[in-house]
Amino acid sequence: MFIENANGDRGYVEINPEECKGCGLCVASCVPKVLHMADRLNHLGYHPAQYLGHGCNGCGLCFYTCPEPGALRVFKREAAAA
Amino acid sequence: MPNYAILHEKPECLYEDYERKSELHRQTHYCPGCGHGIVHKLLAEAITELGIQDRTILISPVGCSVFAYYYFDVGNVQVAHGRAAAVATAVKRAHPHSIVISYQGDGDLAAIGSAEILHCANRGENITTIFVNNAIYGMTGGQMAPTTLLGQKTTTSPTGRDFHHDGAPMKVGEMLSALDGPTYIERVSLGNVKQIMLARKAIRKALETQIAGLGFSLVEFLSPCPTIWKLDPVDAQKHVHDVMEKHYPLGVKCDRIAERTAPPEPAPMTPLTDLPRILRLPSTEPAPLHFSEEPLDWRIRVAGFGGQGVLLLGQLLAEAGMDAGLHVSWLPSYGPEMRSGTSNCHVRLCSSEIDSPVVSRPNALLALNEPSLRKFIATVEPGGVVIYNGDSIPADCSRHDLRIVAQPFAEIADSLGSAKALNIVMLGAFLSLSHALPDSPIESALKRLVKSERWLELDRRALAVGRERVPAEEFVHA
């Protein structure tokens with residue numbers, strides 16, 4: 001899958017801002033510190049988590065610490081095709 | 001251009017949309033930072049990856065996770081408070097090839113359901129329990145739980161849990177591991193990502209234990225409850241790690257996987273057609289109602305002391321009525337005592353369907369002692385039959401609109417060999433008076449209910465003597 005905004009990083013995080021409840025656990029768990037809480041509010045009135053857009057290493061820890069099963073997806077760059 | 005593959009996303013085992021509410025159907029009902037969401041995700045991932053989704057049955061408890069069935073696309077049963085382990089046992093035994101997961105919080109499992117989980121674990125039921133321990137009653141607003149930490153303030157321990165007043169936090173994992181029944185028990189934590197990844201492995205190991213048929217497995221999760229703890233989610237997670245893990249040591253509490261073997265395949269279910277043979281029911285069709293063309297409705301009350309055979313007398317009437325092709329009911333009503341105390345039963349023998357098994361207006365009363373006579377004689381319908389074990393009816397409770405027989409049935413039974421046959425002598429008397437039932441179903445019921453040859457022989461004589469002592473001509477029931 002081609003992801004336009006992935007910048008060639010090892011990983012990419014996709015957060016659904018309308019599903020996120022703004023608990024911040026993913027931000028706390030993120031090793032490369034590439035997640036933060038958005039300034040804007042979502043329709044539930046929470047500041048959703050947001051990916052800064054570069055620097056994700058695809059470790060997946062944010063996925064396992066996120067309590068909302070569908071709010072967050074992690075992608076990993078595939079090995080270059082031979 | 002590098003390509004990207006999905007590494008982690010919502011497991012297939014969770015529904016795409018949650019239909020609990022028309023809006024917010026993409027979200028769980030859990031608070032921000034709640035541990036349940038994480039446990040749901042880990043459990044769903046394990047179910048999906050182990051390929052057991054189509055044979056998994058999840059038991060939802062009472063507590064915040066009561067709605068688990070809105071999220072998990074598996075078989076679901078939501079059960080009464082604390083009973084998840086008992087229901088899981090039943091589901092597993094009825095469907096031995098299913099994977100049964102009982103999901104419970106600490107209020108459900110460690111408080112109201114402590115007996116169920118203890119015995120389920122002790123029996124080594126081949127189920128998996130997911131036990132989410134947040135040390136408080138979350139759903140009801142933060143009362144003290146058996147698992148509440150010492151010093152922890154709750155609405156019911158406002159100055160903090162006090163050992164001398166409230167006892168110590170209950171360590172469920174250690175407690176159950178002290179039993180020989182369980183196969184695998186581990187306590188894990190949601191206190192940081194590293195612990196969450198270890199928890200992920202523990203769930204898998206527990207489910208694999210069940211899949212291999214090796215017996216009871218339980219994973220206890222130390223889980224945050226930010227809302228009730230009044231901490232923000234990140235601090236609540238830290239609190240799990242810094243405080244809860246000190247009180248509740250993590251790790252494997254018992255692992256007997258290597259020493260366990262799967263039991264043999266359960267025997268196939270007995271075909272329903274075999275039941276009459278097993279229960280020794282008559283194999284032929286019920287006898288036709290040759291003894292009565294008239295509609296028949298006997299509402300019988302049998303009453304006496306516990307131990308006099310009151311219930312057996314009623315049961316004999318009902319069983320014989322069943323063999324005679326009647327609709328019958330037998331409703332025992334007795335105190336907790338096995339001997340003495342009062343005992344009575346309601347029996348209905350009816351040629352049409354029975355509306356209620358309760359006999360409040362009997363047309364026959366079999367009173368095995370005086371208190372029972374006094375208690376029930378006023379309720380008997382005019383024209384009804386009363387058979388009383390006593391020389392005569394006490395003057396102050398006699399009625400002229402009833403057909404009453406009073407005889408010392410206990411002495412008669414005693415002279416036959418045992419006063420215990422009193423109930424059967426009275427049955428004989430009643431049958432002779434009432435023509436309620438023909439002889440052959442009485443004989444078949446007697447043979448079925450009286451197992452000992454010696455007593456059967458005595459009871460046959462008692463029945464005959466009862467009939468002789470109260471000749472049929474004396475009364476005929478309309």
Side-chain angles (χ1 to χ4, degrees), chain A residues 1-31 35-37 42-49 51 56-82, chain B residues 1-18 23-45 48 71-72 190-200 223-227 231-238 240-241:
Chain A
M1 182 193 301
F2 173 68
I3 298 176
E4 198 178 337
N5 302 322
N7 300 320
D9 286 328
R10 280 158 63 199
Y12 181 77
V13 187
E14 180 190 84
I15 297 169
N16 181 338
E18 298 308 315
E19 283 192 47
C20 174
K21 289 173 181 164
C23 72
L25 291 180
C26 59
V27 175
S29 75
C30 179
V31 178
L35 299 174
H36 73 131
M37 306 310 287
N42 66 11
H43 77 296
L44 299 164
Y46 297 123
H47 292 286
Y51 175 42
C56 173
N57 64 9
C59 69
L61 295 183
C62 55
F63 174 80
Y64 286 106
T65 194
C66 172
E68 199 51 45
L72 197 150
R73 291 205 292 181
V74 178
F75 295 79
K76 187 118 183 159
R77 193 177 70 197
E78 290 179 321
Chain B
M1 282 297 177
N3 270 329
Y4 286 82
I6 294 170
L7 182 64
H8 298 297
E9 65 176 340
K10 183 157 87 170
E12 262 177 47
C13 178
L14 294 169
Y15 289 112
E16 188 64 26
D17 285 308
Y18 311 135
E23 52 175 338
L24 305 182
H25 59 101
R26 303 278 297 178
Q27 279 167 316
T28 61
H29 68 290
Y30 299 118
C31 304
C34 175
H36 278 307
I38 299 172
V39 180
H40 279 23
K41 191 189 282 188
L42 297 178
L43 179 58
E45 187 188 65
T48 302
Y71 307 130
F72 284 88
L190 304 179
N192 59 36
V193 185
K194 186 181 162 207
Q195 296 300 345
I196 292 172
M197 299 313 279
L198 292 173
R200 181 170 171 250
S223 174
C225 181
T227 303
L231 293 173
D232 81 52
V234 175
D235 289 340
Q237 192 182 54
K238 284 201 183 86
V240 172
H241 183 60

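All values below were derived from every heavy atom in this structure, side-chain atoms included, with hydrogens, water molecules and symmetry-related copies excluded. So you know, we letter chains A, B, ... as the sequences are listed, proteins then strands, and number each from 1.
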With under 30° as parallel and over 60° as perpendicular, where do the rings of F63(A) and H8(B) fit, or are they tilted in between?
parallel
Residue part contacting chain B, namely of E18(A), when any heavy atom lies under 4.5 Å
backbone
CZ/R77(A) to CG/L7(B) distance, rounded to the nearest 0.5 angstrom?
13.5 Å
Looking at [X] and [Y], what are the two nearest heavy atoms and their distance?
X: T28(B); Y: K21(A); result: O-NZ, 2.9 Å
X: L42(B); Y: Y64(A); result: CD2-CD2, 3.6 Å
X: C23(A); Y: G33(B); result: CB-N, 3.4 Å

For a 4.5 angstrom cut-off between non-hydrogen side-chain atoms, does Y71(B) reach P69(A)?
no
Between H40(B), Q27(B), K41(B), which is the residue that forms a side-chain contact (heavy atoms from CB on, under 4.5 Å) with E68(A)?
Q27(B)
Structural part of [X] lying under 4.5 Å from a heavy atom of chain A:
X: L190(B); result: neither
X: V234(B); result: both
X: I6(B); result: both

Taking every non-hydrogen pair under 4.5 Å, which of [options] racks up the most with chain B?
options: G70(A), A28(A), G58(A); answer: G70(A)
options: L25(A), V27(A), L44(A), L61(A); answer: L25(A)
options: Y12(A), Y46(A), F75(A); answer: F75(A)

Counting only heavy atoms not in R10(A), do more than 12 fall under 6.0 Å of its CZ?
no
Tell me which of these, E45(B), E9(B), M197(B), E16(B), has more heavy-atom pairs under 4.5 Å with chain A than the rest.
E9(B)
Would Q237(B) and S29(A) satisfy side-chain hydrogen bond (donor to acceptor under 3.5 Å, both in side chains), going step by step from the backbone distance to the final call?
CA-CA 11 Å; Q237(B) 192 182 54; S29(A) 75; over 6 Å; no
